Amino acid sequence: MSIADRSAGAIETVGAWLLGLLWILPLAYAAWTAFHPAAYATRFDLLAPLTLANFVAAWEAAPFGRYLLNTTAIVTMILAGQFLVCTLAAYAFARYTFPGKSVLFALVLMQLMVMPDILIVENYRTMFGLGLVDTIGAVALPYMASAFGIFLLRQTFMTVPKELEEAAIVEGCSTLGVLWRVYVPLARPVFVAYGLVSVSHHWNNFLWPLIVTNSVETRPLTVGLAVFSSTDQGIDWSIISAATLMTAAPLLVAFLIFQRAFVQSFLRAGIR
Amino acid sequence: MAEIVVDNLTKVWSGSPAVDGISFTCASGEFTVLLGPSGCGKSTTLRLIAGLEQPSAGAIAIGGRDVTRRSPAERGIAMVFQSYALFPHLSVAENILFGLKVRRVPRAERDERLKRAAQTLGLTQLLDRKPAALSGGQRQRVALGRAIVADAAVCLMDEPLSNLDAQLRQEMRAEIRSLQRRLGMTMIYVTHDQVEAMTMSDRVVLMREGRIEQQGTPAELYDCPASGFAARFLGTPPMNLLPAAIGAGLLPGVPAAAGGSIGVRPERLRVGAPGRGLAASIEAIEYLGADTLLTLDAAGAKLIARTDGHARHRIGEVVGVSCAAGDLHFFDAGSGRRVEANGNGCNAPERGEGA
Amino acid sequence: MAEIVVDNLTKVWSGSPAVDGISFTCASGEFTVLLGPSGCGKSTTLRLIAGLEQPSAGAIAIGGRDVTRRSPAERGIAMVFQSYALFPHLSVAENILFGLKVRRVPRAERDERLKRAAQTLGLTQLLDRKPAALSGGQRQRVALGRAIVADAAVCLMDEPLSNLDAQLRQEMRAEIRSLQRRLGMTMIYVTHDQVEAMTMSDRVVLMREGRIEQQGTPAELYDCPASGFAARFLGTPPMNLLPAAIGAGLLPGVPAAAGGSIGVRPERLRVGAPGRGLAASIEAIEYLGADTLLTLDAAGAKLIARTDGHARHRIGEVVGVSCAAGDLHFFDAGSGRRVEANGNGCNAPERGEGA
Amino acid sequence: MSRLRASIHASLLLLPAVVLLAAFTHVPAVRTFIGALYTTPRGNRPEVFIGLDNYRHLLDDPVFWQAMANNVWYAALTIPLSVILALVMALAVDARLPGRAALRMAYFTPTVLPMIAVANIWLFFYTPGYGLLDQVLGLFGVAQTNWLGSRDTALNAVIAVAVWKEAGFFMIFYLAALQTIPHDLREAAAIEGASRFTFFRRVTLPLLMPTTLFVLVNAVIGAFRLVDHIVVMTRGGPDNATALLLYYIYEIGFRFWDSAYAATLTTVLLAILAVLAAVQFLFLERRIHYR
Amino acid sequence: ETTVNMYYPVAVGGPITKIIDKMVADFSAANPDIKVNPIYSGSYQDTITKVVTALKGGNAPEFAVILSTDMFTLIDEDAIVPFEELVSDADKAWLDGFYPGFMLNSRTGGKTWGIPFQRSTIVQYWNKDAFKEAGLDPEVAPKTWDEMVAAAEKLTKRDTSGNVTRWGVQIPSSGFPYWLFQALTTQNDVILANEAGTKVTYDDPRVVEALQFWVDLSKKYKVHPQGIVEWGTTPKDFFEGKVAMMWTTTGNLTNVRNNAPFPFGVAMLPAKVRGGSPTGGGNFYVFKNASPEQRKAALAFIKWATAPEQAAAWSIATGYVAVTPAAWETEAMKKYVAEFPAAAVARDQLDVAVAELSTHDNQRVTKALNDGLQAALTGAKEPGQAMKDAQAEADRVLRPFQ
Ligand SMILES: Nc1ncnc2c1ncn2[C@@H]1O[C@H](COP(=O)(O)OP(=O)(O)OP(=O)(O)O)[C@@H](O)[C@H]1O
Ligand SMILES: Nc1ncnc2c1ncn2[C@@H]1O[C@H](COP(=O)(O)OP(=O)(O)OP(=O)(O)O)[C@@H](O)[C@H]1O
Ligand SMILES: [Mg+2]
Ligand SMILES: [Mg+2]
């Protein structure tokens, strides 16, 4: 590497890290306030005493253990549903031609635009009709077919080299076989990306779960978290931060584990 | 068992035909080579037979069944792709076993076949690698392995040996040929290597710009090229094509009047003392180890003659070039098609059957 | 101008060396061929020289400058990749012109060079196509075109002609060679085709399992193979290697005692009436058009002899096989290295300079 | 494969998605939009058909126009900023930077953190006087600013939060897509002497286009859909300075319980989004090389 | 056994859900034939959303705690039943046992629709250290607007470069500025809405005058921060010493008590023409879809929860104002007030308290006011103009109800 390259590299590294610091600032702040008494929430003093009291207070304000379990069940269910439903649909959109394809695709994209909140009243009525109110299934069901996922996977599938599909077909793969053995493994980084995003999103989803569930046995973490936000008394940053860290920690850990999956070496050397 | 009949097959890519109404038959258990210059439609033909492209016109039958509208999986074929088409996420072993797993071949048999194929192909050490960590030739061998283990009734191979060295290629040639015989596979094999075409095939289909220029046994093609194109395409160095006026000088008694061109293969030319045959001067000498190629100039026409490895000639030397009567080929001036002049009929010699 | 010095270069992939301490020099303006069996490290060597891989040890100098730690762009090279590495979203013309645009070559010159290259490569009709709509050989030609237009001082080519038919390949060979001469490029060229190696190169570097087996002019390698491996690697069909005890029968006066093996090239064998030389029976006859290959059995050892195209032999016939004194090569039993027995020194014949 | 069979396969693959989408999106949406032609039904007053009256009202609604203007500004800033930042981030963490695992994490955190909590933290950053922003700016002698409490700065302050939230989200998709670019193209370009920027512009960017289309469509839609932080931070205030269309819809629908008018607004918003998405799609899809 | 579902919001800090659960458990112990099922439903806003959604889905709860100002909304949705239909004659007295200030928001058209439960009002808090520092009597809060301005001018502190390091007074104006503004209008002796909830008086000169005063606090006297002041951060500003006096809910009592690092005082709001403050907070509502037994069961719980002992316990645990005078007479409450006299300030202010602004289509009508207030406070409009615009919008919205 030349000197010019190296210094360019150094500038980029510094720039990337500055941006990173900026981006992590809220989390850093949350960590700061969560581990310090409320008095230090807005003052940064290296000698400030550490405490776990905020976590204790937050933990006790709601049955977080149970909520954690519920949330895990909900996001797992949604993710499994989305992977299945979206993969199938995206495959059809990416590799088949059939009459009405573009109209159907436009209809799918519509869902990206229709905000689910607007449909809450209607969807509640549907769930009530199905007798699903206050079940985990009711929380998950409306999100299983995700236009976001279909669109994303379609875009990805369309970049998979066609010859690989052809090779698989010649080897005797059925339609689903090709999907499962070629497209899905080749799109792995995108599946990981989608999985992380979907889990994060539903981990933090609040309004619909609040509306459609009534009992501790079905409610997700965010409902517990909401106890601390928007109170009449103003904001207690210490407790909110502690609760936030508590609820987000599993996600952060999951991200650290899965981020490696973005780096897949196998497509790196040219396969012609 | 699995005869392939291609009938009037046509494939048009945005206006220009890549394959233009070709018909040929590959009998069951026969080894057919598709030969032709780059871009003439060999791969396209193969892909049409495999069902990977929809023909614009024409039909394909395999084993007596019209499969024109059938999916590739239903055609019972194995295929080596020119671009290898290895699955980058699978190891060598998984790549080779892909089809067997899909078809639920029992594990023990799978392992057995893998072991054999890996041995044949010299891949035993590499079974756990991903394709990205292989050399070009190794990738090609993996692609070959995938077709070999399939034991399909029909096998299509698209330049499967192009990235292998001479020695390995020779071994593979023998291996593929014997495998094909042993299993009675019907093979369609694309190659640009005429030695492969000559040594392996039962039948050669020579293509040119989407059409069939000539088809027949290798000897037929070599000894009786149907056109100037066919004559020059087979053989290295290619056949010399001379204007009839000049070429007539090679052999007494050849009429120069007819026009058109006269062809003679480099290895058939005898280079001797000046005075006998056509007078020519040596322009270049190329030493190939086993042979030496002489580039000759005869009245402005260029000829190449192949002589012994250590033939002692010098550049600039004037020599006489001649040949035997049966060695001359006559081609029409306009169409380039063969003319059977002077009762110079074509009789391909018997072909010695290889080991 | 641009001499390439490779010094003790090593590249280790997860434990096993792909290139294992090789050193060679390619003088400025010289044409060097890297030859060797599949997986021996040719591409890796080329990629190391290009700067696409970091060597595990050793150094590379280009034009007297140590470039071991330099980026590929700083090395002033052009390269043809074995995998082509075409940009899938760019047309043929854009692919070929990519480097020139990057280097801000003026438009007029760019167009000029593109036109010339496209003509040479027969791509003129295809300039607007995307790589996906090209045949294998056409893709390879585009990759070649990219290197040709670059006019770089150093040019690296990795099996650039492997997917072309014989005729086109021959044209390309001549074209590349003349281009290289005209521009005084320093060329390192990987091929598995020994004809290419023999006809194009000034120097051949023969590799085996990451090491250099032998290097020298093509004639040196062909006539004085340094080992049994080298002897068999060059030449098709390869040199016959016989146990000394049997091989001694070819020529009167050869001592059979020494052990080891005796090599003789197929084209050097004379097949005549029984009684003269080694007695052998004909096992197979392979007709190649220009020649016929005879597979012979002499006391259990197999030999191949190359004879004239239409030599009339029959399978099972018993013949006598002999050769001239200078045609025998002796190799050590253990190491396989050449033994200069009986003052049988090696003198490569002068190599006629091609046109 | 025959066309008929292809169609059958495709419809089977699409069936689950279509059923779920229809049940939970299209049917309710259509029912909602029909509602836009009626007055809002209340417990003690049944709905009355009024045709396009709701749309007429919308044209005279100053808050709607204000929200529209806000949203246009909001979109004009958040879309390019977040998409470009996302790409920059993805390129940064795809390269061999020291500590890129940590960096990936940093960029991705906004996606992981729940918005209700995070918006509160941002509230602190923006607090006049002792908020982090003022504390830092104070070091440079900048006077206190009531970032969220003043009409001039509130919208931009909210935009910063949106960019922060979206960029890391999109980065993930760019990062995944970068992995599918064959390495030998980079090598070929390096040999041709292409600078990293040239390679990026001429090769990476075109090959990322499928992802860019995806990200752009989502960014546009996101610019009209992401309002959680508004709910917590400004509630559309001060004086509607940060009211975005969806927030306004939310207010009409869930505070005013005027479902008919909310449906009217939603129809309009949906029409805007559909047009924007379709334009992008039709414009870009044909230029994308999918391989 | 009768099962009834109760939705309830959490609007103050502390383990409210646990307190409710305990309350329900105690109730069940006393009434084994009734099963109350408490369902935490987020904030007030979330709760009304959940309730109306469930209502429209045909699945409303039997009773709920919802903002007192949502009374008209619920009536318009035909969702709730008036308590007169539920109670026996003997219980009529029970209805009259609450502070009238709270009942103002619970009755309309001669019917009682809600029962006060978690109620609050606005009071002023002051920093005694700051008062001392500014040379003011730390034990006496300003009693009138003029006194407040005078004190605030002394309390406002600037550093050498002119930046304010402490404001004199702070009245939050984010989110629901109408509520705090209502304190100012009440003190200027004007009521913003009629009892039927069909008319508002936003453009009354006295209203404009009150708004002018609020604007002047920062514009003219420069003792109040510029622009919109965030409700959520106001207590923190107070703790940080960034303001010396703040107006906020009595619900903050416990919070301030725990977190203020200095001695502080709590007082009734200052007067202009009169003293006064609006009330706030949530009432119990009983829903129509409840069966007669369920209604009875709900009523039983409501009566139990608002009985003196429970009301006192609830008040002490949460900081809400106990809703009946009787509750203040309990031993527990007396002891609490003795310990913490500030707790009684809210009670004393109830005498002059008025109903929180509440009309038909309540949120829209208050939004009109909120927008006007924020426009004036940010300087986008003159107070007079702002209130005229707000009045016009409110009139438009209310026309169908008149
Ligand atoms: N990325 C890699 N990781 C691990 N091993 C590799 C990698 N690339 C190549 N190799 C191994 O290194 C050895 C040399 O490979 P190289 O590509 O140089 O061979 P080659 O001489 O070019 O062969 P071919 O003629 O088949 O192209 C091979 O055994 C190959 O499997
Ligand atoms: N997808 C396509 N779209 C348009 N034209 C194509 C496409 N694929 C191939 N062609 C063209 O069709 C012709 C035949 O291609 P084909 O691949 O069959 O050639 P080939 O005989 O296999 O050549 P090679 O020996 O170079 O591989 C070529 O001119 C090629 O450019
Ligand atoms: Mg081809
Ligand atoms: Mg190689």
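Treat the numbers as computed from the prediction; the structure is a model and nothing was measured. Computation of the quantities below employed the complete heavy-atom set of this structure, encompassing side-chain atoms and omitting hydrogens, waters and symmetry-equivalent molecules. A, B, ... follow the sequence lines: proteins, then strands. Residue 1 opens every chain.
Only one option out of D/Asp94, D/Val93, D/Thr211, D/Leu207 pairs with D/Leu178 in a side-chain contact (heavy atoms from CB on, under 4.5 Å); it is D/Asp94. For the ring pair (Phe, Tyr, Trp, His ring centres under 6.0 Å) criterion with A/Trp237, the lone passing option out of D/Phe124, D/Trp122, D/Phe125 is D/Phe124.
Taking chain D as the reference chain and counting heavy-atom pairs below 4.5 Å, the highest number among A/Tyr91, A/Phe105, A/Phe206 is found for A/Phe105. Note: A/Leu141 leads A/Leu141, A/Thr156, A/Leu245, A/Leu21 in heavy-atom pairs under 4.5 Å with chain D.
Using a 4.5 Å cut-off between heavy atoms, D/Leu246 contacts chain A through its side chain alone, with no backbone atom that close. When heavy atoms are compared at a cutoff of 4.5 Å, D/Leu213 approaches chain A by way of both its backbone and its side chain. Looking at D/Leu91, there are no atoms closer than 4.5 Å to chain A (heavy atoms on both sides), in backbone or side chain. Contacts between D/Ile249 and chain A at a heavy-atom distance below 4.5 Å involve the side chain alone, from C-beta outward. In this structure, chain A has a heavy atom under 4.5 Å from the side chain of D/Phe281, while its backbone stays farther away. Interface residue D/Leu113: backbone and side-chain heavy atoms are both found under 4.5 Å from chain A. Of the two parts of D/Ala92, only the side chain, counted from C-beta on, holds a non-hydrogen atom closer than 4.5 Å to a non-hydrogen atom of chain A. Proximity to chain A (any heavy atom under 4.5 Å) is shown, for D/Ala119, by neither the backbone nor the side chain.
Proximity of A/Asn204 to D/Val112: side-chain heavy atoms (C-beta onward) are nowhere separated by under 4.5 Å.
Taking the side-chain hydrogen bond (donor to acceptor under 3.5 Å, both in side chains) definition, one finds that A/Tyr194 meets it with A/Gln82, A/Ser146, sequence neighbours left out.
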